[in-house]
Protein chains: 2
Amino acid sequence: RCESLVEIYFQLQQQVLALGAELGAELLARLQERFSEVMSSLVKSSFLVEKQPPQVLKTQTKFQAGIRFLLGPRLLKASAKPYMVRADMVTEKQARELALSVYSSTLSESTGEIMHNVVALETNPTSGTCCANFKNVLLKKIKRCERKGSESVTEEKCAVLFSTTVALSPGNLSIHLQVLSLPIVVIVHGNQDNNAKATVLWDNAFSEMDRVPFMVAERVPWEKMCETLNLKFMAEVQTTKGLLKEHYFFLAQKIFNDHSASPEDFQNRSVSWAQFNKEILPGRGFTFWQWFDGVLDLTKRCLKSYWSDRLIVGFISKQFVCKLLSSAPDGTFLLRFSDSEIGGVTIAHVMRGKDGSSQVENIQPFSAKDLSIRSLG
Amino acid sequence: RCESLVEIYFQLQQQVLALGAELGAELLARLQERFSEVMSSLVKSSFLVEKQPPQVLKTQTKFQAGIRFLLGPRLLKASAKPYMVRADMVTEKQARELALSVYSSTLSESTGEIMHNVVALETNPTSGTCCANFKNVLLKKIKRCERKGSESVTEEKCAVLFSTTVALSPGNLSIHLQVLSLPIVVIVHGNQDNNAKATVLWDNAFSEMDRVPFMVAERVPWEKMCETLNLKFMAEVQTTKGLLKEHYFFLAQKIFNDHSASPEDFQNRSVSWAQFNKEILPGRGFTFWQWFDGVLDLTKRCLKSYWSDRLIVGFISKQFVCKLLSSAPDGTFLLRFSDSEIGGVTIAHVMRGKDGSSQVENIQPFSAKDLSIRSLG
DNA sequence: GGAAATTCCGGGAATGATC
DNA sequence: GATCATTCCCGGAATTTCC
């Protein structure tokens with residue numbers, strides 16, 4: 001716990017002071033300086049975002065966020081007038097500048113006004129916490145950055161900067177505290193939600209620690225992508241049953257648009273952001289992620305239990321279904337996610353003629369709406 | 001045309017001035033005073049609302065309005081800097097005060113802020129008009145008045161006050177112009193639209209000229225109500241086929257909840273606002289107007305042509321239908337507006353047994369939605 | 001505790017921007 | 001003129017306010 005660290009530091013300072021005479025003026029000064037440096041950095045790093053604002057943030061829509069000052073209860077006891085914490089939108093560029101400069105640069109121009117963005121930093125004596133809770137915060141409007149080339153607004157990342165200036169209890173040292181939220185994609189309409197989620201997912205999954213905000217690899221190993229998709233699937237659908245080898249193979253064929261490679265071939269490939277959510281799948285009107293997100297949504301809403309009972313193969317190609325079913329008894333069927341329709345599921349079944357010939361049929365896909373009309377799922 | 005009136009006045013003034021010496025100082029002064037009085041009143045009454053703001057006005061929703069200064073082109077020629085016209089929400093009480101006081105009292109507190117409410121008064125030389133067009137006006141929020149008793153917010157009337165101060169061309173006489181819009185009912189949600197429309201309809205139909213704003217009778221002769229309903233029906237449905245005697249009789253039975261009186265009895269009755277849109281119809285969950293408005297809506301959207309071809313009896317009681325149909329051949333049917341469901345229409349048909357017994361059946365009513373599903377109407 | 005009034009917000013449709 | 005981006009606003013649902 002960092003409180004105890006502070007205690008140790010205070011004790012250290014006391015001891016140093018007590019020994020002041022013995023150490024000599026120069027050494028004492030150097031120790032003092034070092035001490036306040038470490039102290040300041042410790043204090044600053046105890047100023048944290050406790051509740052992150054939503055990473056896909058819609059304008060004109062209320063959201064919540066919260067920050068917590070771990071050392072607050074220890075260091076701010078005496079304050080009568082409450083300290084105010086501000087929340088401001090910052091662009092990726094501004095975030096980068098903030099990260100570079102040790103000094104707290106003032107924000108030049110705002111990229112979007114947040115309403116009710118000043119909140120008191122409150123110390124709760126019973127729980128021993130010092131928090132600022134942003135309840136009714138709302139981003140009024142967003143000013144987009146100039147985008148280069150084919151970048152869309154849903155690829156643009158920004159963040160919320162929380163900042164305050166407090167006077168520390170011993171010595172009344174004034175110190176400026178600030179902390180950035182995780183990167184945020186701002187949208188203005190629900191129809192941008194998909195793409196914004198892609199950006200956030202990619203960022204959360206593949207960004208390095210302590211990066212320059214908000215750099216992230218442009219391509220990643222396919223295996224990492226599989227892991228990410230799997231985690232996302234399980235989290236979103238709320239299931240413990242993850243994706244299987246065969247599923248990954250099918251997904252690889254789809255995202256790479258390569259139907260000749262073997263599962264092993266894909267293992268060592270890398271997948272690009274463009275393949276993930278910029279390029280349109282050939283012959284379809286949507287990207288890989290848009291399709292996958294449709295599957296997530298459908299499964300979450302209607303098919304959770306069926307999936308968890310492993311009753312849905314889902315991620316399987318039409319061709320492979322044919323192969324599988326053609327050797328299956330008459331009437332055998334399986335559930336497959338539609339390739340052509342976002343958020344669709346289809347029933348593939350085999351009909352066997354008397355002569356032993358087999359015919360595999362795919363039913364017109366069902367959407368979540370269709371299922372709800374039939375009160376299924 | 002009032003321009004010519006102005007010309008006459010100007011000539012008169014010239015003549016009076018020319019004769020000044022002969023008339024004597026006192027008489028001249030009195031004539032001058034009288035002249036500027038009449039002139040001022042003339043100018044003021046040429047400041048008009050050309051385009052009324054919607055009488056049912058929803059907050060946070062853009063609307064338009066326009067005012068026109070008839071004498072503007074004649075009197076404002078010289079102005080370089082444009083005169084600005086303001087639009088402000090005023091309560092009924094404020095409107096009443098404005099009407100009483102000849103002097104332009106300044107508005108104390110606003111009952112609701114209108115955005116982009118200051119617009120230039122522009123003279124268009126080609127068309128010879130002087131207008132101020134409020135394009136992107138929007139009422140941010142409404143402060144409701146204290147209501148007495150059972151009054152609902154949708155019975156509260158307010159208005160928009162348009163005002164400006166201009167300097168008249170000859171003599172640079174500064175004059176304050178203001179004009180009120182028609183009364184307005186402010187709503188915050190579409191579900192208040194019905195009731196607001198009732199208030200507006202009652203007001204438009206039954207208010208006297210030059211009343212104290214916005215007084216209106218609390219009860220009116222049933223015949224007047226019939227006339228109003230008929231006009232409303234034809235205007236709303238866009239049909240030339242109005243309501244008939246039998247329809248009025250049925251409506252009277254409904255609104256008065258009196259099934260024993262004769263058509264002639266109703267002729268001399270008067271109907272109250274409460275009966276029109278405050279009291280719930282017995283056994284139903286809605287008022288007379290709410291029901292009637294549902295009929296309007298359904299007919300307008302789905303049944304316009306059928307109504308215009310007189311294929312719909314519509315306003316007829318279940319009992320009377322029974323009587324009618326029981327003497328009709330097997331299979332006869334008619335269309336009747338549902339009593340129990342707002343915006344519903346039902347088919348009543350007769351089934352005649354072999355023994356000659358008749359059985360009148362009412363189909364479960366169709367709503368506009370039902371009809372659109374069956375792609376009818 | 002229920003009705004009235006309002007706020008919240010998803011998503012369809014219209015509009016505006018951009019290439 | 002097609003796509004992307006945004007605004008506009010209806011109306012269901014949740015929440016708040018008022019009796």
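Protein chains get the first letters and strands the later ones, always in sequence-line order, with residue 1 at the start of each.
Across the protein-nucleic acid pair, A/F63 atom CZ and C/dC9 atom P stand 12 Å apart, rounded to whole Å. Counting to the nearest Å, the P atom of D/dA5 and the CD atom of A/E146 are 15 Å from each other. Distance A/I187 CD1 to C/dC9 C1': 12 Å, rounded to the nearest Å. In this structure, B/N277 atom CG and C/dA4 atom C1' are separated by 14 Å, rounded to whole Å. Taking atom CG of residue B/L57 and atom C1' of nucleotide D/dC9, one finds them 14 Å apart after rounding to whole Å. When the P atom of C/dG10 is taken as reference, atom CZ of A/R301 falls 13 Å away, rounded to whole Å. Spacing between atom NE2 of A/H116 and atom P of C/dT7 amounts to 13 Å, rounded to whole angstrom units. In this structure, the CG atom of B/N191 is 10 Å from the C1' atom of D/dG12, given to the nearest Å.
By the 4.0 Å N-to-carboxylate-O rule, B/D339 lies close enough to B/K254 to be salt-bridged with it.
Side-chain proximity of B/H189 to the nucleotides C/dC9, D/dG11, D/dC10 is greatest for D/dG11. Residue A/S152 has its side chain nearest to D/dA5 when only C/dT7, D/dA5, C/dG10 are considered. Listed candidates were C/dG11, C/dT6, D/dT6. Nearest to the side chain of A/K58 is C/dG11. Between C/dT6, C/dG12, D/dA5, one nucleotide has an atom nearer to the side chain of A/V153 than all others, and that is D/dA5.
Both A/L138 and B/R144 lie near DNA chain C, and the one whose nearest nucleotide falls closer to the 5' end is B/R144.
The one candidate from B/K141, B/R86, B/K140, B/K143 that meets the salt bridge (charged side-chain N to carboxylate O under 4.0 Å, His left out) condition with B/E113 is B/K140. A ring pair (Phe, Tyr, Trp, His ring centres under 6.0 Å) with B/F276 holds for exactly one of B/F206, B/F292, B/F256, B/W289; it is B/W289.
More than 12 heavy atoms of other shown residues, nucleotides or ligands fall within 6.0 angstrom of atom CE in B/M234.
Phosphate contact (OP1/OP2 of D/dT7, side-chain N/O of A/K141, threshold under 4.0 Å): present. In this structure, B/Q192 reaches the C/dT6 phosphate: one of its side-chain N or O atoms is under 4.0 Å from OP1 or OP2.
Atom CG in A/L138 sits 5.5 Å away from atom CD in A/Q60 (nearest 0.5 Å).
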